[in-house]
Protein chains: 2
Amino acid sequence: MARTAGSHSDITGPKVRDAALRLFARHGYAAVSMRQIAADVGVQAGALYNYTPDKQSLLFDLMAAHMCDLLEAWVDDPKDDPRARLAHFVRFHIGFHHERPDAVFIAYMELRNLTPNNFTQIEALRRRYEDKLEAILCDGVAAGAFDVADTKIATLAVIAMLTGVNTWFRTGGRLTLAQVQAQYLDMVVRAVGGGQAG
Amino acid sequence: MARTAGSHSDITGPKVRDAALRLFARHGYAAVSMRQIAADVGVQAGALYNYTPDKQSLLFDLMAAHMCDLLEAWVDDPKDDPRARLAHFVRFHIGFHHERPDAVFIAYMELRNLTPNNFTQIEALRRRYEDKLEAILCDGVAAGAFDVADTKIATLAVIAMLTGVNTWFRTGGRLTLAQVQAQYLDMVVRAVGGGQAG
DNA sequence: GTCTATATGAAGATAGAC
DNA sequence: GTCTATCTTCATATAGAC
């Protein structure tokens, strides 16, 4: 309470990130001005530079935070049955992405607008996530539970299919999230040849 | 040959479209200026307005042309076996999209940058294409060749999976396009429960 | 059909007062 | 920490000469 009137660093910071996330997702990074973000937060444009050195860093930080959240949230146990691990991955991926559509959207629509160095870092994080699924598929193939000709292709195919849910699914529609997760799980398991085995 | 020196309407027009397509795909619509497009074509910015009323029309025309090309290129015969029709669709989709990566990229990355009216038109074309696949899946389910709980979801899942090929496949890599088409066909057929029947 | 020149506005980022 | 004011650059689009 000993604060001066205009001092709100602890609340303005998150508001800047939230506003940028929403506006970047809605209109695209290049189409959103710092003035728009400032107006959304309720400050003047110059004040934003207390929270980010520049617009590019704002984009990169949002994307990096999202990818790190994703990697930290994923928990897997290689000792479990491959089928169970795959089922867990499918439900996790759909659920996690459904909860943060704006971050997901930005994380793969705005890759073009990253500087080369920033792009490399985000791509490395994305690759690490893909490797999580590929490990499950490899273990499943080795155990005879799955049948895929090329685990790398299958990994990319499954992730593309699952991420696609975000483009159309909305809560309150014809289906619940659980129903969507169940049907995608069914399709994924069959696609990797895990339909009949253990 | 009776032309005046600076008269190139028949050649400049396509060059403008080609340059815009490539630059929009690479950097994004909002990040590309009319000056950049003009420089790429080899004219001054003002000259572009002989070929498009404004930048928005340029984007819309590129997207609409791509979607119309797609719909015109697809040929299907409802009297054929559903499995054969699905196989045709998978190979067609991957092949067609592989041949025009820039147009594909724009057609679903730049939807945000369309005016509401233009967006509605492009969405209608996209929906018409999705319906082509859903018709195959519905016929296959009715004939007992496929087993899917919800044909709309399966349609979106398959298209997302197939379109994802464009994000990683490059000619000259580890696999040929035909090999990729074959493996995706295998995964798609199994995903829709067409593995054992037919 | 293309040019040069320009109208008009907005962008990212910084300086210095409070 | 935020404000106002500003620097500098760039944007879309148009006008009129050739």
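In what follows, chains carry the letters A, B, and so on, assigned in the order in which the sequence lines appear, proteins first and then strands, with residues in each chain numbered from 1. Since this is a predicted model, take the numbers as computed values, not measurements.
- Of the side-chain N and O atoms in A:Thr12, one or more sit less than 4.0 angstrom from OP1 or OP2 of D:dT2.
- Residues A:Trp168 and A:Val180 form a side-chain contact, since some pair of their non-hydrogen atoms from C-beta on lies under 4.5 Å apart.
- Between A:Met34 atom CE and D:dC7 atom P there is a gap of 21 Å when expressed in whole angstrom units.
- Summarising the geometry, the separation between CG on A:Asn50 and P on C:dT14 is reported as 12 Å, rounded to the nearest angstrom.
- When rounded to the nearest whole Å, the span between OH of A:Tyr29 and P of C:dA11 equals 14 Å.
- Ion pair A:Arg83/A:Asp81 not flagged as a salt bridge, since none of the NZ, NE, NH1 or NH2 atoms sits closer than 4.0 Å to an Asp/Glu carboxylate oxygen.
- Between the P atom of D:dA13 and the CG atom of B:Leu58 lies a distance of 10 Å, rounded to the nearest Å.
- Contact annotation: A:Gln44 side-chain N/O to D:dT2 OP1/OP2 distance is not under 4.0 Å.
- At a threshold of 4.0 angstrom between heavy atoms, the contacts of B:Val41 with the nucleic acid are absent.
- OP1 or OP2 of C:dA11 lies within a sub-4.0 Å distance of a side-chain N or O belonging to A:Ser33.
- Look at B:Arg22 and B:Asp18 and you find no salt bridge, because none of the NZ, NE, NH1 or NH2 atoms lies under 4.0 Å from a carboxylate O.
- Using a 4.0 Å cut-off between charged nitrogen and carboxylate oxygen, B:Arg112 and A:Glu110 count as a salt-bridge pair.
- The CZ atom of A:Arg35 sits 14 Å away from the P atom of C:dG9 (whole-angstrom rounding).
- Distance, A:Leu48 CG to C:dA11 C1': 14 Å, rounded to whole Å.
- Each of A:Gly42 and B:Ala31 lies near DNA chain D, and the nucleotide nearest A:Gly42 is the one positioned closer to the 5' end.
- Note: NZ (A:Lys55) to P (C:dT14) measures 15 Å, nearest angstrom.
- Between A:Tyr49 atom OH and C:dG16 atom P there is a gap of 18 Å when expressed in whole angstrom units.
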